[in-house]
Protein chains: 2
Amino acid sequence: MATIGDVAREAGVSRSTASYALSGKRPISEEVRRRVLAAAEALAYTPNAGARALATAQTKVLGLLAQFHEDEFAPAMLQYILGVTDTARDLGYDTLLVTEADGARALRRITDSRMVDGVVLMNIAQDDARLPILRAAPQPGALVGLPGDCSGLDVFDLDFEEAGRVMVDHLHRLGHRELILISHPEHVVERGGAYVWRLRDAALERARQLGVTLHAVYGESRQPAVGRLLNGLLDAYPAATGLLINNEAAAAALPSVTYARGLRVPEDLSVIGRYSAEFAATFSLSYSFIESAPDRLGSMAVRQLVRRVESPAARNEPFVVRFISPELVSRGSTAPPRNAR
Amino acid sequence: MATIGDVAREAGVSRSTASYALSGKRPISEEVRRRVLAAAEALAYTPNAGARALATAQTKVLGLLAQFHEDEFAPAMLQYILGVTDTARDLGYDTLLVTEADGARALRRITDSRMVDGVVLMNIAQDDARLPILRAAPQPGALVGLPGDCSGLDVFDLDFEEAGRVMVDHLHRLGHRELILISHPEHVVERGGAYVWRLRDAALERARQLGVTLHAVYGESRQPAVGRLLNGLLDAYPAATGLLINNEAAAAALPSVTYARGLRVPEDLSVIGRYSAEFAATFSLSYSFIESAPDRLGSMAVRQLVRRVESPAARNEPFVVRFISPELVSRGSTAPPRNAR
DNA sequence: TCCGATCATTGAACCGGTTCGACAGTTGCG
DNA sequence: CGCAACTGTCGAACCGGTTCAATGATCGGA
């Protein structure tokens, strides 16, 4: 494999000249530049990543820490990951995907060893063990998800509070007065998945203000448990006319439940979900939903991260906490409550 | 950040002694070893990955080239990816996930620059543009999926031919004499996805031998097209009593179709799919299926790859083409054909 | 004609590890 | 008692880039 020394020899110049000709960081005569580029081309020269990293203290690699918990819905994660890898590549970075169970150890490993220029963290917990490590690391980091303490970090997330309110408002405006909200499993809450209670608490609060009855329950993450749960809820609250779903597995399971019970949506039951358009397509869901925009969030996180990586000025800018405002995509699954079921 | 020089100074030894004490590649007195380890601990020393890569010509990173095509079913891919990352980590390697559209260019980039010690390729096409590059690369590679020309490569795949035969045999034995096989979309075939016709051709051949009528059609990859297609097929072949599915999207869409038509499985229609257990759980599918074992395939590919990476002897061993034999997991969705529909 | 500025190029140092050959100091054996 | 073999440690070179300070060449202006 050709080194820059080979290129230099082939072009009849010194190593440093070859380096400058290739990088353009100093003026080089047209003649020499041509010779160097030709030599590089002829030898199929590609700089050695390790050597370059050592010399420049830049690896052009970003770390992506993602975890696949048993009780979370894996296909939903994929969207975030692709948002990150695609944007990273657009900006000239490769992505090191780390799915290790012990995220804190993994984070320490990749930052201390300088394998990466920056890190994106996903599956953020309220009190996330990785955050102290990230704050102490020499590389900048960005979070997709809101932790309890955002200090010293760039954070990107859906505005789950507003999402909860939008759902309740929408059905209230149509005339609904009794709703069911099905959230993620309680495990997720125990693990510190704040997005669960952020949406839930805001929805409950808004329902209280509007005088709407809201039955807020934690869900399941797997079939057949989640299907049973849905059936149980519809039995338990026969007067409820609207269903809010902040739980991908429940959303995916709902069609078979309504089929089986002979329920029509939205005539007998109005439904609003919270997931991504891509997810809806994959699972053939035709409910109105709050777009959770995973690709956009992943992309935003990477852009901010790369800004900080590349600009010394940006490193000292104040940290940002940016919420995407929930957009309700209408698919016609809500209507005024015509009949009690 | 501490370097090995800092550790050496702290321990009062030379850099080389510190290196040997940490690696154990030469005998070091107990006393000195203790001092070095203590110094490393005290300074929180972690070797710089770039420097080590430069010196040892090893990065402890594997490349994973995966593509997410519009017309393939993304959640199925995820299983393969996790199989790779998990096994890689077990063996001490991190994973560089590359999803770039131009796979050939990406492969050249990561191999030429020596970012990775080896590569796993997924979404293999019959005449894959990445293979010549991989063969010429200094690093070893492993394929998940069977290309037209396996020479010079380690290949791992499900035995799709046998899978096709197992499906037909199983239903023939139960007494079925007219079947439908729904494969992936024709786009996938045009792109060179050999697994489509490998299963299809073998199933057709076996059906011919057994005197079974087999209607083999290409499918769709998205709702609602795939649902319409399923309905159309059931209308077009009313005498067919068994359905074979080599198409994740079609499998995922089938339950709603049978519900809507009031078809009972297996009383009115026997069904066999080809997907993973994990996939079945995610989509709540309760059909008997041929396990495609994506995690096992990813894991096997990585193990073989790492063997070649780490052992000079293994580099020269003959290349392997290994097929996982299809295991039919019974979920009770097949039965003798009781009634014509 | 000489000088200073400008421009292109170079040699050397550096990044942070690993590894080879050399070298003391100790031990064992004849 | 002398020499060989062995142990443990060290200095130096190397991996393949980048970058700084210095050098030589060219040019315009006085």
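The structure displayed is predicted, hence computed values, not measured ones. Each chain gets a letter, A, B and so on, in the order the sequences are listed, and its residues count up from 1.
- Heavy atoms of other residues, nucleotides or ligands lying less than 6.0 angstrom from CZ of A:Arg108 number 12 at most.
- In this entry the distance linking CZ of B:Arg15 with P of C:dC14 reads 12 Å, nearest Å.
- In this structure, B:Arg307 does not pair ionically with B:Asp154, as no charged nitrogen and carboxylate oxygen lie closer than 4.0 Å.
- Rounded to whole angstrom, the span from the CZ atom of A:Arg114 across to the P atom of C:dG17 amounts to 10 Å.
- A heavy atom closer than 4.0 Å to some atom of DNA chain D occurs in no member of residues 308-316 of chain A.
- Distance CE/A:Met300 to CG/A:Leu305: 13.0 Å, rounded to 0.5 Å.
- Note on A:Thr3: only backbone sugar-phosphate atoms sit closer than 4.0 angstrom, heavy atoms only; bases stay farther off.
- Taking all atoms of both residues into account, the shortest heavy-atom contact from A:Pro294 to A:Gln79 is CG-CB, 3.3 Å.
- With rounding to whole Å, A:Ile4 atom CD1 is found 15 Å from C:dT9 atom P.
- The side chain of A:Lys25 contributes an N or O atom lying less than 4.0 Å from OP1 or OP2 of D:dT19.
- Each of D:dA13, C:dC15, D:dT18 was ranked by its minimum atom distance to the side chain of A:Leu54; first place goes to C:dC15.
- Cation-pi check for B:Arg303 over B:Phe156 is not met; the charged atom does not lie both under 6.0 angstrom from the ring centroid and within 45 degrees of its normal.
- Straight-line distance from the NZ atom of B:Lys60 to the C1' atom of C:dG17: 16 Å, rounded to whole Å.
- The shortest heavy-atom contact between A:Arg15 and A:Ile4 is O-CD1, 4.2 Å.
- Checking C:dC15, D:dG11, C:dT18 against the side-chain heavy atoms of B:Ser14 singles out D:dG11 as nearest.
- Atom CG in A:Asp6 sits about 13 Å away from atom C1' in D:dC15, given to the nearest Å.
- Other residues, nucleotides and ligands contribute over 12 non-hydrogen atoms within 6.0 Å of the CD atom of B:Glu31.
- If you take CG of A:Leu22 and P of D:dT18, they are 8 Å apart, rounded to a whole angstrom.
- Within the structure, every side-chain polar atom (N or O) of B:Ser16 is placed at least 4.0 Å from both OP1 and OP2 of D:dC10.
- From B:Phe68, atom CZ reaches atom CG of A:Leu78 across 4.5 Å, with rounding to the nearest 0.5 Å.
- The nearest whole Å value for the distance from the OH atom in A:Tyr20 to the C1' atom in D:dT23 is 14 Å.
- Listed nucleotides: C:dC15, C:dA8, C:dT9. Nearest to the side chain of A:Pro27: C:dA8.
- When side chains are defined from C-beta on, A:Asp295 does not count as touching A:Val84, because their heavy atoms never get closer than 4.5 Å.
- Side-chain N/O atoms of A:Ser19 and base N/O atoms of D:dG17 include no donor-acceptor pair closer than 3.5 Å.
- Listed by residue number, B:Tyr45, B:Thr46, B:Pro47, B:Asn48, B:Ala51, B:Arg52 are the residues of residues 28-53 of chain B with a heavy-atom contact under 4.0 Å to DNA chain C.
- Comment: A:Glu30 does not engage A:Arg34 in a salt bridge, judged by the lack of any side-chain N to carboxylate O separation of less than 4.0 angstrom.
- Atom-to-atom, CZ of A:Arg26 to C1' of D:dC20 comes out at 7 Å; the value is rounded to the nearest Å.
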